[in-house]
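In what follows, a single structure is set out as structure tokens and then discussed.
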Amino acid sequence: MKTLKSSLPLLNAMVAFEATARRGNLTAAAEELAIAQSAVSRHIANLEERLSLDLLTRKGNRVSLTENGATLAEAIRDGLGTIRDTISRLQGAGHDSFVIASGYDLVQSWLMPRFDLVTSHVTHGRVTLLTSSNADDYSRPEVAISIRFGRPELWPGLVARKLFDGEWFPVCSPIFLERYPALASEDPAAFLDVPLLHLAAPQDAIDNWRSWIGTTQSLPGPTFSSYLPMMHEAIAGRGAALAWAGFVEDQLRLGQLVRLTRTSRRHADAFYLVTRKKTTSTEQKVALALLESVTPH
């Protein structure tokens, strides 16, 4: 039976090839690895000879991947990434920290009401919440679970399981609805005559009042850079807001807010719970508990 040593090429050769494939340049790969360019070239030549495959097409110092080369580079990248992440987790185990990453609004609105589900399964160490608006932070090696908005193809090499759709609808406080009863008529134009609360968004965003009402005119009302302050103003009865499903479950259940229409709009993307392909038993338990906590719409 073949052993790993006999069936796999030398690790140094694979590292040199992966760096060259990623940088597209022998010199850049050599600088990254802090070795001579001739050493990089020799490693790759030895790798091609060992595999009896052409991995690169060379044009001077620049290189391009053959089909076989592209396939191998991706496999090496995934394999080395798994090793790197595993080492980081093992080294970080002494810090006794279970890290969950997401955006601040999603953590406060959706995760915190379920925080006991997390802590009940993390029996050793502490839970750390990493809140960031930079999605790159969610892929840091120490992150066990992340909650993201998007679609699975944006996160290659990871496992993404849907929590809930990117769905939104108008809400307001009960007192506000008493003042403006026409809001329950399902007529989008009814919102033209009431105070509106806006969430700052790009010009082409579809989850805004102009899109909901179907108008191009400028709509008055305060604009908030964060979701939670806008919801606080809605609860206080100072305007109607567009709420994301999954973010207002508790407020609707407690009667602090009421949903104004039976209809809703949906984004092409959704909210996902994202993990590595290889997870610990604790990570699996926490992920399953959070997934099972979602109330079907």
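All figures in this text were calculated on a predicted structure; none of them were measured in a lab.
Closest approach of M230 to L199, counting heavy atoms only: SD-N, 3.7 Å.
Using a 4.5 Å heavy-atom threshold, the side chains of P170 and L183 count as separate. Here the side chains of R210 and T216 are not in contact, with every heavy-atom distance at 4.5 Å or above. Counting only heavy atoms from C-beta outward, the side chains of L56 and L65 approach each other to under 4.5 Å. The shortest distance between side-chain heavy atoms of S211 and N208 falls below 4.5 Å.
Annotation: ring-ring contact (aromatic ring centres under 6.0 Å, His included) contacts involving residues 14-34, sequence neighbours excluded, are absent. For residues 168-185, there are no side-chain hydrogen bond (donor to acceptor under 3.5 Å, both in side chains) pairs, not counting sequence neighbours. Counting only residues at least two apart or in different chains, side-chain hydrogen bond (donor to acceptor under 3.5 Å, both in side chains) contacts with residues 104-113 comprise D105-S226. Applying the salt bridge (charged side-chain N to carboxylate O under 4.0 Å, His left out) test to pairs two or more places apart or on separate chains, those with a residue in residues 26-40 are R22-E32, R23-E32.
Take R265 and apply the salt bridge (Lys or Arg N to Asp or Glu O under 4.0 Å) test, not counting sequence neighbours, and it matches no residue. N12 pairs by the side-chain contact (heavy atoms from CB on, under 4.5 Å) definition with H43, not counting sequence neighbours. The salt bridge (Lys or Arg N to Asp or Glu O under 4.0 Å) search around E233 returns R238, not counting sequence neighbours. The salt bridge (Lys or Arg N to Asp or Glu O under 4.0 Å) check on D207 picks up nothing, with sequence neighbours excluded. The salt bridge (Lys or Arg N to Asp or Glu O under 4.0 Å) search around R42 returns none, not counting sequence neighbours. Here P152 pairs with A160, Y272 under the side-chain contact (heavy atoms from CB on, under 4.5 Å) rule; sequence neighbours left out. The side-chain contact (heavy atoms from CB on, under 4.5 Å) test applied to H198 returns L196, W209, L219, T223, not counting sequence neighbours. Take Y227 and apply the ring pair (Phe, Tyr, Trp, His ring centres under 6.0 Å) test, not counting sequence neighbours, and it matches F247.
Y138 places no side-chain N or O within 3.5 Å of a backbone atom of L130 that could act as its donor or acceptor partner. Looking only at distances, no side-chain donor or acceptor of R151 sits under 3.5 Å from a matching main-chain atom of L154.
Of the listed residues (F169, F149, F164), just one forms a ring-ring contact (aromatic ring centres under 6.0 Å, His included) with W244, and that residue is F149.
If you chain together hydrophobic residues whose side chains sit under 4.5 Å apart, L257 and L228 fall into the same group.
Atom CD of Q284 sits in a crowded spot, with more than 12 heavy atoms from other residues, nucleotides or ligands closer than 6.0 Å.
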